[in-house]
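Side chains are part of it too, since the values below use all heavy atoms of this structure and drop only hydrogens, waters and symmetry mates. This is a predicted model, so every value here is computed, not measured.
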Amino acid sequence: MLRKAVVVLSLLLGACSSLDSKSDFSKSVESVGSRGNERTVIGKNYNPVADANNGADIVKSQVVLALSKNISDPSSDFSGYVNMEVSYFKSYTEFEKASYLGKEVDLVMAKPSTSICTEHCTATQYFSFPVDSKTWEQVGDNDFVFNLVTNNSYQVTFKLAAGYISALKSELLVKSNAVATIPAAVAIAETQETKPVSMVKYWYEKSSIDEQEKFMSWALSNRKSISSSLSSSKQSEKMLQYWYGEASVTERQYLLTWMIGE
């Protein structure tokens, strides 16, 4: 599941517009979806503040934050992960771990690193790392500060603004409280799937892992409007494209979150 989540979220990085520490955080949410009782909110592309303490000078860094919560239990904790794209001068070694609040976790690579040389050579890494519920509890209403660390102990400190995180948490809390007050009959009605949603799920589950990831990449790029075709001679991919095109924008957002959870 994490592999698929990283693949999908890595496609959000590099968007034309990004938030930073001075942005209006009232518009921080990219999409919201649910799977069973778990609600997931995905933030918009964010440019974190970086401080190269004793490591590589960062040329560019971008984050997409995803938070989840059990909406059937308003008192449940948040969990989530940070998805990143980081560019730095190629003379430095690659980052291997993330550390925060006394914890250290391995980075999960989304795709192979790339490099480009003009006047200087730069390398770019694409990865994700989890952040557990205890950490979010400790962070509270403050900025989330974490380090990226290389195998020779060089590290760079990054900071996600409290306002960005709070906007995503608030979205989950609103949805959680709303679900808690919906009468049972209404809740059941809202979970009924439309034909496009059920058919996308049907054909998606019949597809191989590689086919699923290919479709997710295409689906994310066409989540607001269908602007390109999914070239394939396979029946499953043709049906996925057709029924996804029949789905509403809201249904597409739901399907993207559902696919991440599969």
Side-chain angles (χ1 to χ4, degrees), residues 1-12 15 27-45 64 66-74 76 79-81 83 168 171-262:
M1 182 178 74
L2 181 57
R3 177 189 172 191
K4 293 181 182 179
V6 172
V7 168
V8 170
L9 290 182
S10 66
L11 296 169
L12 290 173
K27 299 179 181 179
S28 297
V29 176
E30 174 68 26
S31 65
V32 182
S34 61
R35 175 172 170 78
N37 289 327
E38 184 175 82
R39 175 82 61 171
T40 299
V41 58
I42 297 174
K44 289 187 176 179
N45 198 3
V64 169
L67 293 179
S68 299
K69 180 179 172 62
N70 186 333
I71 59 175
S72 65
D73 180 8
S76 65
S79 61
Y81 48 88
N83 198 76
L168 272 59
E171 183 71 19
L172 285 176
L173 290 172
V174 167
K175 297 296 183 183
S176 178
N177 292 335
V179 169
T181 60
I182 293 176
V186 177
I188 292 173
E190 288 195 351
T191 60
Q192 293 178 349
E193 294 181 353
T194 63
K195 184 67 175 291
V197 169
S198 63
M199 293 306 294
V200 169
K201 287 185 175 182
Y202 173 80
W203 287 105
Y204 182 84
E205 290 175 339
K206 283 185 168 294
S207 302
S208 67
I209 295 295
D210 288 341
E211 290 168 347
Q212 288 176 354
E213 292 185 355
K214 177 183 176 182
F215 173 70
M216 280 195 294
S217 298
W218 175 84
L220 182 60
S221 299
N222 292 271
R223 66 191 183 280
K224 294 182 180 178
S225 62
I226 307 300
S227 58
S228 64
S229 298
L230 183 63
S231 58
S232 175
S233 59
K234 295 183 178 180
Q235 176 70 2
S236 60
E237 293 184 337
K238 288 181 179 179
M239 297 306 294
L240 280 169
Q241 178 176 263
Y242 173 77
W243 286 111
Y244 188 76
E246 292 294 301
S248 67
V249 173
T250 300
E251 289 169 341
R252 291 172 192 161
Q253 290 178 335
Y254 162 74
L255 284 166
L256 285 168
T257 303
W258 175 81
M259 286 186 282
I260 290 174
E262 277 295 284

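- The structure places CZ of R39 at 12.0 Å from NZ of K69, a figure rounded to the nearest 0.5 Å.
- Between S207 and L240, the shortest heavy-atom distance links the atoms OG-CD1, 3.8 Å.
- Between S68 atom OG and Y81 atom OH the span is 6.5 Å, to the nearest 0.5 Å.
- Shown here are the side-chain contact (heavy atoms from CB on, under 4.5 Å) partners of S198, two or more places apart in sequence or in another chain: E193, K195.
- The shortest distance between side-chain heavy atoms of F215 and Q212 does not fall below 4.5 Å.
- Note that CG of L67 and CD1 of I42 are 10.5 Å apart. Values are rounded to the nearest 0.5 Å.
- Within the 4.5 Å cutoff, no side-chain heavy atoms of K206 are placed close to those of M239.
- A heavy-atom distance below 4.5 Å is not found between the side chains of R252 and V200.
- For an aromatic pair to be called close, the ring centres must be under 6.0 Å apart, and W218 with Y244 satisfies this.
- Note that OG of S228 and CD of Q241 are 8.0 Å apart. Values are rounded to the nearest 0.5 Å.
- Residue N45 holds its CG atom at 10.0 Å from CG of N83, rounded to the nearest 0.5 Å.
- Taking NZ from K234 and NZ from K214, the interatomic distance works out to 7.0 Å, rounded to the nearest 0.5 Å.
- Under the 4.5 Å side-chain criterion, counting only non-hydrogen atoms from C-beta, E251 is in contact with T194.
- The shortest distance between side-chain heavy atoms of W203 and K238 does not fall below 4.5 Å.
- Residues L255 and K201 are in side-chain contact: their nearest non-hydrogen atoms beyond the backbone lie under 4.5 Å apart.
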